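Note that the coordinates shown come from a computational prediction; the quantities given were computed from them, not determined experimentally. Counting from 1, the numbers follow the sequence of the chain as shown.
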Amino acid sequence: MTRFPAIAVSLTLFASSALAGGTWHAWSDQTTLPAIGDHRKQVAERRSAACTPRVRDPGTPGLALGGGRDIDEMIRSLETLLATMKPGDQGYAGVKQSIESLKEQKKKGSPPLPVGSAPGALSFQKALANVEKVLGAEASRAKALAGSDDVIASLAGRDPKLALAMLLASHRAQPRNAWNLVNAAGLLSMTGFPHEAVAFLDEAARLGGALPAPAGVPGQAIALSNRGHALLGLGRWKEAEVPLRAALRLAPDLAEAHTNLSQALLCLGQVDAATGELRHGLRRTPDPQASRDYALEETVPGRHGAGVKPVEDTARRRPAKDLFDLTRGVSYELPQLKLPRTRMEAIALHDQYEALQRRGSQESDALNDRATQLSNWSRFDAGEQRWMRLVRDASIHAHFEPELWGAYKAAWDAHYAFLEAVPRFAKIRNDIADRAEGRCEQRAGVYDEAARAYMEGLRPFVRGQEQAMARWVSLRTKHETALAANVADPTERLALRLGTEARAKALFYGPVVDAAWIMSEVPDEVCDGQVPQGSLDLASLPDLSADPCGGLPTGGKLKSKAGSVAVPNINGGPVAHQFGLSFGVSCKGLDIELAPSFKTAFNVGPFAQLNLRWDGTATVFAGVKAELKQPKNTPLAEYNKPGLSVKEGLYLKFDKDGIADAGMRVEAKAAIGGGPDKAATLWEGKIEQDFGIAAAAAYWLDR
């Protein structure tokens, strides 16, 4: 699953605006966007729900006039009440005075939110005390310097109080670290404490210092986006617009800032601008790539492949290759179906085609039933479910993919061409057959001629559909199995693959076999001595139950420690190294490495690595490994995790026939980290170069 490597981006994903809580809720290039007109209507309908301040206490200082309620709605309600009263009635004067007061407040506008040293501003210490009081016992469960994985796991487990407690524990351990407060502010505004969030952000600004850039997003942009979100929670739509636009100047592709700005503009009455910002927010990549979207609605209802509507007038999405790894698809070739050449062969095969259709329908239904029984999304957290939903939706819309649409259209064009040809050649068959008379043998001769004209006329249409459907099934199956390989859980992967197999077989046993069955509809009179003969001899259709990921979860990693071994150190004499044994699992194979666990900033030692691939190949790589780390006692060491690792040695590659290749390999890996989360890696690059035996010899001689 794709995961952002630092807390802040994850929190801004969770700390989204209320506007984004509709059916279009997601931040991904795979989000399906509605047609622009429909989207504008949806946005307008969300105004009432979106433009309500999100605070736990209506009396919170700084809340919009009216205690968070729509002031226009309050005026209308009181005017309706006043219309039912007469001057002199009890309460009449009070209601009238309230209306006048609200109108005056509306005319003057909301007073600016007091922040910093302004009178009435909530101090950081008071805000901190408010939050700790709400956390209560949760605060004792939090550990200091919690990593991003801990915080994200708490959010995914729907325990925001524990996630917030972890961030506050990190603040107590590092009181000068502004980044913890920026992250906590995002979570505070999400959970109904926007005024406290502003106080946290003010304190972070007072502490100063450079903020990290998780996933390449400037930390200052995230802080500004969090401030805008907090102001939205307070109902300060116009004030929120300022920091949100500032955030987008620093990070134009920060989707959360676009989404929050959309809410601010909507609540200011700018529906068109709000819709535009929301569409920007629902795309993680910059807007210039928007032309890559493709439409998701066909032009002719009930007819496949006739065409698609213009992308502006319908729902749209990005190609799957923009988000998913599509390198692990499985080929799926349909067998060629035997077609009858003579009337007697058609009579013999007709019932076999019908039986094949029934058997195939049952087989497809059974595959779908098994896929449904295997799939159980309740086992996964919200983030995993969202990822699997993206994979499933990409599979559902596969035929709209630019690379697949041509094959899809060709398959169904061939199908409709066959259906249109059937009545033409059926008329020829019937006209010839109507001339049959005399003895059975005489009639049989006429029927043979009728069947021959009918079958030979249909044959190119039947074969054309079969070939076009086979190509479409092959491309779609490879695409869908590649998508399925992006799901980490092996059971869910299998469920997706079984669904793909069911669809592939349904197209074969449906249109393909049905066309052969229709082609075999010939006069079935059989004279004495004639025996209809014919056998399908159909090869088995492919099975997709075998998992290219070896039936194991992808991305798993396991480490253990081996004993100490004395090896030479680069500085001279033997040094006892603690060796570590690590295992890595992916959809490509199993990686095992034995290497020293370096404790100093720079060290060198031997290593051995074994790569086992699910395709039956293996590579043994052994040699010398050098590692450079930032020393612990250097400035900013606790906030950064840079490193450089270089491996150099010999490799042997094996396949089923033995040694396939040998030579030398050089592998270098560099990583740069930043921020208070020591486990976060902001950037990692890897260079790998293999030299064959001759090249390796030249490499060493040249040195």
[X] side chain near [Y] side chain, heavy-atom distance below 4.5 Å:
X      : Y      : value
Thr477 : Val330 : no
Met455 : Val522 : yes
Ser364 : Phe508 : no

Output field: ring centroids Phe418/Trp412 closer than 6.0 Å: no
Closer than 4.0 angstrom, basic N to acidic O: yes or no for [X] and [Y]?
X      : Y      : value
Glu521 : Arg429 : no
Arg317 : Asp393 : no
Lys427 : Asp431 : yes

Modelled atom types, side-chain donor and acceptor of Thr259 and Glu277, under 3.5 Å: no
Flag for Trp405-His399: side-chain donor and acceptor within less than 3.5 Å: no
Any donor-acceptor N/O pair, Arg497 side chain to Leu544 backbone, under 3.5 Å: yes
Under 3.5 Å donor-acceptor, Glu298 side chain and Lys309 backbone: no
Tyr416 six-ring face occupied by Arg303 cation (under 6.0 Å, within 45°): yes
Worked verdict on Arg379 versus Asp489 for salt bridge (charged side-chain N to carboxylate O under 4.0 Å, His left out): CA-CA 10 Å; Arg379 299 180 291 125; Asp489 183 76; 3.2 Å; yes
Atom NZ of Lys478 with >12 non-hydrogen neighbours under 6.0 angstrom: no
Steps toward salt bridge (charged side-chain N to carboxylate O under 4.0 Å, His left out) verdict (Glu363, Arg358): CA-CA 9 Å; Glu363 188 176 339; Arg358 288 195 301 270; over 6 Å; no
Intermediate values then yes/no, salt bridge (charged side-chain N to carboxylate O under 4.0 Å, His left out), Glu449 and Arg452: CA-CA 5 Å; Glu449 180 185 351; Arg452 184 167 51 254; 5.5 Å; no
